[in-house]
Amino acid sequence: KAGVTQTPRYLIKTRGQQVTLSCSPISGHRSVSWYQQTPGQGLQFLFEYFSETQRNKGNFPGRFSGRQFSNSRSEMNVSTLELGDSALYLCASTWRGQGTEAFFGQGTRLTVV
Amino acid sequence: GESVGLHLPTLSVQEGDNSIINCAYSNSASDYFIWYKQESGKGPQFIIDIRSNMDKRQGQRVTVLLNKTVKHLSLQIAATQPGDSAVYFCAEKDNYGQNFVFGPGTRLSVLP
């Protein structure tokens, strides 16, 4: 069974641009969560999608958004990029999102210059 | 609010020794806990989990202990190997939360 796949692995963007990251969960998993990881803040929850609906949202500005498709693949978008958005963005999938382990992808390393 | 933290940010152990990584949590409603290992350039990897109705759970070379009285979680790694060098995160979730709350992480360095 293939693991969680995130694309692209690396991205370099300039301030003010927008970016879209993609995540394909493990086959059969319906819940996808996104996390931002930085050296200073650690792993911080962005949002979770289940059956194409955002079920939970972390404390991030509205520039951060996401969506989930009918095949459970998810995308997250960051608009008007800021230098502080440079981070490793991790996607995790679970079977149904509660009380079960989350499987992480390799992440997308975003650098904003 | 709920939070999860670690007592030690870094831990160095001799190869072959046992390692103990600690984690404190503040949400008494947390009922599910996971330890993750993250190697450089990779995403977090599941190690072991435990539910609040248990005090101890063992895996291959790893043991997780849960003390609900003092809201403390620990990960024990037996016969630590160089491949165990990584950052270890504890994460917790309660029945009402849809997401995991992660601790800041502990870096484990295994000395030859």
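Treat the numbers as computed from the prediction; the structure is a model and nothing was measured. Numbered from 1 within each chain, the chains take letters A, B, ... in sequence-line order.
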Backbone N/O of A:Ala102 and side chain of B:Tyr36: donor-acceptor pair under 3.5 Å: yes
Crowding at CZ, A:Arg15 (>12 non-hydrogen neighbours, <6.0 Å): no
Spacing of NZ belonging to B:Lys42 relative to CG belonging to A:Leu90, to within rounding of 0.5 Å: 14.0 Å
Ring geometry between A:Phe103 and B:Phe46 (parallel below 30°, tilted from 30 to 60°, perpendicular above 60°): tilted
Contact summary for B:Phe100 and A:Tyr35, nearest pair of heavy atoms: N-OH, 3.3 Å
Heavy-atom side-chain proximity of B:Phe89 to A:Leu43 below 4.5 angstrom: yes
Region of A:Gln37 in contact with chain B, defined by heavy-atom distances below 4.5 Å: side chain
Crowding at CG, A:Asn59 (>12 non-hydrogen neighbours, <6.0 Å): no
Contact class of B:Gln38 relative to chain A, heavy atoms under 4.5 angstrom: side chain
A:Ile12, CD1: over 12 other non-hydrogen atoms inside 6.0 angstrom: no
Which atoms of A:Arg109 approach chain B - backbone, side chain, both or neither, heavy atom under 4.5 Å: neither
ILVMFWY cluster, B:Tyr88 and B:Val13 together (side-chain gap under 4.5 Å): yes
In residues 73-84 of chain B, what donor-acceptor pairs under 3.5 Å come from side-chain atoms, sequence neighbours left out?
{"unit_1": "B:Thr80", "atom_1": "OG1", "unit_2": "B:Asp17", "atom_2": "O", "d": "2.7"}
{"unit_1": "B:Thr80", "atom_1": "OG1", "unit_2": "B:Ser19", "atom_2": "OG", "d": "2.7"}
{"unit_1": "B:Asp84", "atom_1": "OD1", "unit_2": "B:Arg61", "atom_2": "NH2", "d": "2.9"}
{"unit_1": "B:Asp84", "atom_1": "OD2", "unit_2": "B:Arg61", "atom_2": "NH1", "d": "3.0"}
{"unit_1": "B:Asp84", "atom_1": "OD2", "unit_2": "B:Arg61", "atom_2": "NH2", "d": "3.3"}
{"unit_1": "B:Asp84", "atom_1": "OD2", "unit_2": "B:Gln81", "atom_2": "N", "d": "2.7"}

With A:Asn77 via side-chain contact (heavy atoms from CB on, under 4.5 Å) - residues at least two apart: A:Gln18, A:Thr20, A:Ser65, A:Ser79
